[in-house]
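Position 1 is the first residue of the sequence; numbering continues from there. Every number for a ligand or one of its atoms is a count from 1 in the order of the listing. These numbers were taken from a predicted model, which means no experiment stands behind them.
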Amino acid sequence: MSKIMITCAVTGSIHTPSMSPYLPVTGEEIAGQAIDAARAGASILHLHARDPETGRPSADPAHFMGFLPRIARETDAVVNISTGGSAVMSLEDRLAAPKQAAPEMCSLNMGTMNFALYPMAAKITDWIHDWEKPFLDNSDDLIFKNTPRDIAQVLTEMGQKRGARFEFECYDMGHLTMLAHFADRGLVEPPFFIQFVFGVLGGMAPDPESLTHMKRLADKLFGDGYEFSVLAAGRQQMPFAAMSAGMGGHVRVGLEDSLMIARGALATSNAQQVEKVRGIVEGLGRTVATPDEARAMLGLKGRDGTAF
Ligand code: KMH
Ligand code: ZN
């Protein structure tokens with residue numbers, strides 16, 4: 001069996017600073033945690049930026065440049081920049097930094113959906129920043145817009161013009177159909193790297209039968225022309241990573257997806273989650289892929305083709 005790629009999604013745009021003191025927000029913190037995660041075994045770093053003053057998700061290329069060069073200097077990990085940004089951002093804003101940085105890899109969300117974060121607000125009593133509570137509360141009327149036109153634009157700007165390949169974020173069965181549609185149109189080519197996403201309110205819940213169904217459907221649509229990985233947001237993060245590893249898939253962890261390391265215990269770093277999932281993978285008798293092995297598996301352009 002082939003090696004397992006660990007993606008670490010370091011900070012994201014879902015959690016807010018009041019939820020965990022360990023959530024990295026400044027360029028220094030994001031770089032530091034990303035580098036430690038790579039040293040712990042993550043071959044791919046999935047990255048968002050935040051405003052270093054407020055911790056709010058940011059699309060500003062200057063904020064990305066606060067960590068990208070250092071990560072490139074100190075690791076050989078594959079840098080994957082989100083094109084999802086935050087669901088409250090326009091596509092133009094979401095694309096600003098990836099267009100400038102031209103990374104080897106980008107995320108690409110495969111459908112428009114609800115992205116409801118508001119239940120998380122109930123657990124917080126002490127808010128650090130004024131923006132956090134309304135940001136979460138207003139997600140009860142938030143549309144995460146990823147229309148076929150948007151998807152085509154990301155494919156053109158990042159794929160065709162800049163040679164990036166994609167982490168196709170699929171939160172539902174229909175998102176696989178959409179990927180097959182773009183393959184039919186000749187806008188994407190295998191091997192596809194598909195992230196099955198569980199646990200976002202608006203997408204699939206973390207149900208093992210949904211995972212086996214997604215794999216069965218992807219097998220039908222893409223044959224052996226794809227690799228899958230699994231992320232489960234929240235408390236199913238590690239159980240679903242274990243299932244994926246056992247089924248021939250790859251794994252994604254990181255504080256973007258869960259702030260915990262065990263029930264009732266906050267993860268103190270991204271590296272801690274990478275170490276834990278690495279132990280699970282190796283305990284199953286599997287081997288973790290290096291960044292260059294990930295590049296070979298996914299057909300990436302290499303570090304030289306990036307602009308940071
Ligand atoms: N936050 C995850 C549920 C993206 O960055 O494009 C999905 C995600 C989206 O990682
Ligand atoms: Zn993300």
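Of all N, O or S atoms in H48, the one lying closest to the Zn ion (ligand 2) is NE2.
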Name each N or O atom in ligand 1 that is under 3.5 Å from a protein N or O, and give the partner atom and the distance.
unit_1, atom_1, unit_2, atom_2, d
ligand 1, 1 (N), E256, OE2, 2.7
ligand 1, 5 (O), H46, NE2, 3.1
ligand 1, 5 (O), H48, NE2, 2.9
ligand 1, 5 (O), S82, OG, 2.7
ligand 1, 6 (O), S82, OG, 3.3
ligand 1, 6 (O), G84, N, 3.4
ligand 1, 6 (O), S107, OG, 2.6
ligand 1, 6 (O), N109, ND2, 2.7
ligand 1, 10 (O), H46, NE2, 3.2
ligand 1, 10 (O), E169, OE2, 3.4
ligand 1, 10 (O), R252, NH1, 3.4
ligand 1, 10 (O), R252, NH2, 3.0
ligand 1, 10 (O), E256, OE2, 2.8

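Using a 4.0 Å cut-off between charged nitrogen and carboxylate oxygen, R50 and E29 do not count as a salt-bridge pair. Salt bridge annotation for E157-R162: present, with a cationic side-chain nitrogen under 4.0 angstrom from a carboxylate oxygen. Remark: D219 does not engage R216 in a salt bridge, criterion side-chain N to carboxylate O under 4.0 Å.
Evaluation of the salt bridge (charged side-chain N to carboxylate O under 4.0 Å, His left out) test over residues 67-92, restricted to residues two or more places apart or in two chains, returns R39-E74, R70-E74.
In this structure, the side-chain contact (heavy atoms from CB on, under 4.5 Å) partners of I151, at least two apart in sequence or on a different chain, are L108, M110, L155, M178, F182. D172 is linked by a salt bridge (charged side-chain N to carboxylate O under 4.0 Å, His left out) to nothing, counting only residues two or more places apart in sequence or in another chain.
Put simply, the side chain of F222 does not reach to within 4.5 Å of the side chain of F228, judged on heavy atoms.
The Zn ion (ligand 2) has an N, O or S atom of E256 under 2.8 Å away, backbone or side chain.
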